[in-house]
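Inspection log for the structure reproduced underneath, given as structure tokens.
First listed ligand is number 1; within each ligand, the first listed atom is number 1.
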Amino acid sequence: MISRKKLIAGNWKMNKTPADGVALVRDIVAAVGKQTDVEVVVCPPFTGLETAGQALEGSTVKLGAQNMHHEASGAFTGEISAPMLRAIFTTHVILGHSERRTLFGETDELVNKKVLAALKNQLRPILCVGETLAEREAGATLKVVQTQTERGLEGVNKDSVGSVVIAYEPVWAIGTGKVATTEQAQEVHAFIRGLLARHFTDAVAQKVRILYGGSMKPANAPELLAQKDIDGGLIGGASLEARSFVELVTAAIAAK
Ligand code: PEP
């Protein structure tokens, strides 16, 4: 069986000034910036990307953005493109986060354009999928996740899908303190891996990292990270403090 390197990514959302971000990155780098057992990514807001990137230089911690536009340049006021992110050494980009989908109207079609643009520019997309509480209660979880995954990956070929990271984030668990049970999470992760095997190959499906996101904390992480198909976490709230984020990285190292 292929062993996938676990990945812990911090989504800072609209938090931290550039100076606050540098201070946080310095603490993270001091604690886990040399280890190579687990891949660690921090995703500051756009204004803090460059300075955070400078602060993590020489460490193993990588830089991610929280969104981007699918065009390379042009009249798109307020937007940032993949080449702009690459120019400041960003390696990852979160796409299709539920907050982008619900608050900013992002559709599967738009998210797919972004995924393709990210791959074209050698950025690793962290494609977020997940059901709302109403969808879970209606028994539609797997259908929703299937649609978002398939549409999000449309046009991605089997040679590049290994660069994609998928984050399963049940919307009802994001920022709410409610966590999916390990069984609920593992079921969906295994389902996504099965979908990848069906659409690509089993070998490809075994390579793709599938993260869990939704109120992951040091207390619940070890059990989630021990699941066969859970390859790490996309962390919101607990990524804003070095101590809890580092504890999550440590839990991932222990679970590797
Ligand atoms: C997120 O927004 O991606 C997330 C998982 O947030 P939280 O950890 O705060 O639930």
Side-chain angles (χ1 to χ4, degrees), residues 6-16 20-21 24 28 38-46 48-49 52 62-68 90 92-106 111 114-115 118 124-133 135-136 141 144-145 148-149 152 164-182 184-186 188-189 192 209-225 227 229-252 255:
K6 289 213 180 334
L7 192 164
I8 298 289
N11 174 12
W12 298 0
K13 309 193 185 190
M14 196 172 71
N15 293 292
K16 308 280 178 198
D20 292 341
L24 176 54
I28 294 168
V38 166
E39 199 171 336
V40 179
V41 181
V42 291
C43 305
F46 289 135
L49 271 174
K62 294 178 178 151
L63 188 64
Q66 299 173 19
N67 181 31
M68 60 168 227
T90 309
H92 293 68
V93 59
I94 299 170
L95 296 174
H97 190 280
S98 67
E99 287 151 18
R100 299 293 322 166
R101 292 177 189 264
T102 55
L103 302 174
F104 302 98
E106 293 200 7
V111 174
K114 295 183 181 201
V115 168
R124 286 178 179 266
I126 302 177
L127 168 63
C128 302
V129 299
E131 81 288 0
T132 62
L133 185 58
E135 288 163 343
R136 174 161 284 270
T141 297
V144 169
V145 167
Q148 290 179 346
T149 306
V164 178
V165 176
I166 294 180
Y168 168 57
E169 300 207 305
V171 179
W172 48 271
I174 296 178
T176 58
K178 288 185 194 151
V179 195
T181 64
T182 49
Q184 284 171 328
Q186 168 57 27
V188 179
H189 282 237
I192 294 170
R209 263 93 55 89
I210 307 175
L211 313 183
Y212 170 79
S215 298
M216 198 190 250
K217 303 271 183 298
N220 56 37
E223 208 181 320
L224 287 160
L225 293 170
Q227 302 304 305
D229 290 293
I230 300 185
D231 305 314
L234 180 55
I235 319 295
S239 72
L240 296 175
E241 301 246 334
R243 191 167 157 189
S244 45
F245 189 66
V246 166
E247 278 182 42
L248 286 163
V249 174
T250 309

Backbone N/O of Met68 and side chain of Lys114: donor-acceptor pair under 3.5 Å: yes
Inter-residue atom distance Ile210.CD1 - His189.NE2, 0.5 Å rounding: 7.0 Å
Closest approach of any protein heavy atom to atom 9 (O) of ligand 1, naming residue and atom: Gly237 N, 2.8 Å
Atom indices of ligand 1, in the order listed, that fall short of 4.0 Å to a heavy atom of Gly175: 7 (P), 9 (O), 10 (O)
Short side-chain to backbone donor-acceptor contact, Asn220 and Ser215, under 3.5 Å: yes
Check: Lys13 main-chain N/O paired with Gln66 side-chain donor or acceptor under 3.5 Å: yes
Distance filter under 4.0 Å to Gly214 heavy atoms, resulting ligand 1 atoms: 5 (C), 10 (O)
Within-shell test, Ser215 vs ligand 1, heavy atom, strictly < 4.0 Å: yes
Nearest-contact summary for atom 1 (C) of ligand 1 - protein heavy atom, Å: His97 NE2, 3.2 Å
Nearest neighbour in protein (non-hydrogen) for atom 4 (C) of ligand 1: Gly236 N, 3.6 Å
Interfacing atoms of ligand 1 (cut-off 4.0 Å, heavy-atom, Asn11): 2 (O), 3 (O)
Shortest protein heavy-atom distance from atom 2 (O) of ligand 1, along with the residue and atom involved: Lys13 NZ, 2.5 Å
Main-chain N/O of Cys128 paired to Arg101 side chain as donor or acceptor, under 3.5 Å: yes
Under 3.5 Å donor-acceptor, Lys6 side chain and Arg209 backbone: no
Side-chain donor/acceptor of Lys16 to backbone N/O of Leu240, under 3.5 Å: yes
Identity and separation of the nearest protein heavy atom to atom 3 (O) of ligand 1: Glu169 OE2, 2.7 Å
Test item, Ala173 contacting ligand 1 (heavy atom, 4.0 angstrom): yes
